[in-house]
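A quick write-up on the structure given underneath.
In what follows, chains carry the letters A, B, and so on, assigned in the order in which the sequence lines appear, proteins first and then strands, with residues in each chain numbered from 1.
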Amino acid sequence: MRKKLEALIQQAVVSLKKEGVIAEDINVNIALERTRGAQHGDFATNLAMMLAKSAKMNPRQLAEKLVAALPQDSAVTKVEIAGPGFINFFMDSSAQSDIIKLIHEHGADFGRSQVGAGKKIQVEFVSANPTGPLHVGHGRGAAYGSVIADLLEAVGFTVHREYYVNDAGRQMDILATSIWLRYLEECGEPMRFPDNGYRGDYVGDIARDIFRNAKNEYRRPFELVVEDIPQDEAQGGDKEAHIDALIARAKILLGTAGYRDVFQAGLNNILDDIKNDLLEFGVNYQEWFSEQQLMDDGSVEKALKRLQASGHLYEKDGATWFASSTLGDEKDRVVIRENGQYTYFASDIAYHANKLDRGFDQILDIWGADHHGYIPRVKAAIQALGADASKLKVLLVQFATLYRGEEKVQMSTRSGEFVTLRQLRDEVGKDAARFFYVMRRSEQHMDFDLQLATSKTSENPVYYVQYAHARVCSVLRHLVEKNLPRDIVSGMNALALLTEEHELALLSTLERYPEMLERAALTHEPHQLILYLRELANDFHTYYNAHQFLVDDAKVRDARLNLICAVKQVLANGLQLLNINTPESM
RNA sequence: GCGCUUGUAGCUCAGCUGGAUAGAGCAUCGGCCUUCUAAGCCGAGGGUCGCAGGUUCGAGUCCUGCCAAGCGUACCA
């Protein structure tokens with residue numbers, strides 16, 4: 001209906017251009033918006049005000065000319081000029097009720113479109129280091145990313161969901177060493193745990209696992225472990241130097257194979273846990289991409305060679321630098337350290353080179369907002385690799401500040417004091433957790449009150465939407481119980497009987513679904529979908545309270561049933577995109 | 001210091017490419033269950049849209065300055 005109206009206005013503009021009222025060369029961008037209140041009709045455009053200046057007319061005069069030039073159409077019942085020069089359109093309600101037929105026809109596909117035209121888009125999200133279980137901060141990125149991906153797919157993009165596994169690097173070594181030390185403890189070795197080690201219970205769990213399978217195979221005397229090792233922080237030394245020395249010692253004492261065993265046990269265990277966690281949270285991936293793989297197959301080296309060849313690398317102070325400052329970054333960045341090791345950024349360059357090589361039309365990275373300073377250098381890398389910086393879009397998800405009632409919850413992965421995603425799911429359930437996370441704009445700082453979210457009973461807004469769906473199902477059950485017949489076709493022929501205010505409001509909300517979906521997807525704003533569903537549910541609940549559906553008049557009854565079934569369908573379609581259940585009863 | 005993000009009702013947040021009287025939930029107060037589930041509905045109160053300028057027919061929205069909060073500013077990941 002919107003598109004139809006836009007076309008009509010376009011025709012009016014063209015004819016005014018021919019008459020010379022509007023200059024030929026003016027680019028007319030028709031802004032047609034839905035009105036907020038019924039007194040302004042169904043649609044309104046500010047076109048006359050936009051063009052008034054260039055046409056050298058006052059807006060109301062121009063509006064009159066536009067209206068006069070507008071072709072007749074049966075769907076438009078009235079056109080009004082209002083306020084400073086708005087043109088308001090009143091649409092025929094029988095034309096509006098056609099949306100019910102459309103929804104019935106398309107079913108689960110209603111709202112889906114092809115604006116993405118099959119373009120390949122990669123969405124990388126969560127990508128938390130496999131050094132421990134996911135916590136509630138990762139949950140927001142997981143929910144947000146998976147809904148973005150599903151939305152993009154719904155509007156016609158070919159979506160590749162990916163998790164970048166940081167299975168190389170120092171943090172993983174710290175984890176492996178932490179596990180080994182806990183293992184020594186399990187063996188009965190007297191042991192001092194480093195200040196900078198991973199302290200979570202899961203570290204001990206993995207250590208016990210290893211001990212159960214391998215017994216004392218990896219046991220070494222603790223005196224040898226700490227022999228000539230620099231002092232830890234609590235002992236008056238430097239914790240970083242201490243842990244690095246422990247890592248080096250672990251590699252020596254265990255040998256390459258032994259160290260790899262412990263390392264792999266930790267990685268596999270935690271990665272399996274993360275995969276399982278996300279699966280249960282309704283998050284699916286097409287690919288788990290290993291950083292170590294990039295190291296092993298020479299991709300990092302190759303990527304740096306490409307930068308070298310295009311003249312973006314230089315040596316200074318014994319390190320190799322990427323001249324990112326020539327491409328918009330604040331300063332240049334080290335890619336190979338003085339000690340010959342690649343920086344994290346080096347493998348990230350390789351990773352993005354790999355993404356580019358795979359031929360995605362668009363690359364979407366979803367990061368925690370604390371990484372925002374990283375964007376310019378990655379964009380610089382993209383350009384240095386010969387691609388357009390706009391190929392990459394980075395979406396930031398603000399970290400949620402956790403509260404338990406009034407009290408702020410402090411979190412630190414290292415100390416092991418954090419609320420895990422799994423704990424949250426156990427407490428509030430998948431549906432409420434997903435709904436809560438996606439409800440807010442992602443770049444908005446969010447106060448996440450666990451007490452509120454875990455209160456199963458009341459104000460979880462997800463129930464409100466689900467309840468609307470369940471209520472429709474309940475009405476349909478009653479229909480059967482009362483042995484009332486239902487004739488869908490007859491109902492479709494009687495849609496003109498839907499003239500109540502609440503019914504018209506529902507029709508207009510239903511009609512908005514496809515354009516809302518498109519916008520939510522293209523602007524990467526899943527909260528728009530949530531807002532919409534709450535509105536639709538509200539319209540329905542209001543209608544439910546005001547009118548009986550199972551009335552004696554069969555035609556009215558069938559028409560109303562078709563309407564509420566359309567509501568049920570759209571609620572289901574929306575909830576499905578959010579990967580939230582659609583209960584038939586509550 | 002510089003950069004990014006944010007500042008809207010008591011609280012948590014919406015506000016579509018600048019548009020008509022700034023909205024919702026929660027909380028508070030007052031109504032509605034012999035009718036298809038009251039996890040619902042109806043109503044009331046509550047706002048200098050951080051502050052000050054500017055742009056224009058028109059600014060919560062755009063520009064500038066200031067204030068405040070969070071994050072970032074590594075040869076860590």
Could you tell me whether the phosphate oxygens of [N], OP1 or OP2, come under 4.0 Å of any side-chain nitrogen or oxygen in [X]?
X	N	answer
A:Q398	B:C4	no
A:R512	B:C16	no
A:H541	B:A39	no
A:R60	B:C57	no
A:T320	B:C75	no
A:Y464	B:C41	yes
A:R441	B:A14	yes
A:N166	B:C76	no
A:Q528	B:G15	yes
A:R337	B:C76	yes

With a non-hydrogen cut-off below 4.0 angstrom, is [X] in contact with a base, only sugar-phosphate, or nothing?
X	answer
A:Q341	nothing
A:A82	base
A:N339	nothing
A:E338	base
A:H371	base
A:K331	sugar-phosphate
A:Y374	base
A:D539	nothing

Donor-acceptor contact present, side-chain A:Y163 to main-chain A:A128, <3.5 Å: yes
A:K355 and A:E124 ion-paired at < 4.0 Å: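 Yes.
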Modelled atom types, side-chain donor and acceptor of A:E291 and A:Y351, under 3.5 Å: no
Say you pick atom [atom1] in [N] and the same atom in [M]; how far apart are they, in whole Å?
N	M	atom1	value
B:A39	B:G46	C1'	26 Å
B:G47	B:A9	P	10 Å
B:C36	B:G15	P	38 Å
B:U5	B:G31	P	49 Å
B:G45	B:G53	C1'	34 Å

Base paired to B:G25 (Watson-Crick or G-U; both N/O distances under 3.5 angstrom): B:C11
Euclidean distance, atom CZ of residue A:F86 to atom C1' of B:U21 [Å, nearest integer]: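 Computing the A:F86:CZ to B:U21:C1' distance gives 12 Å.
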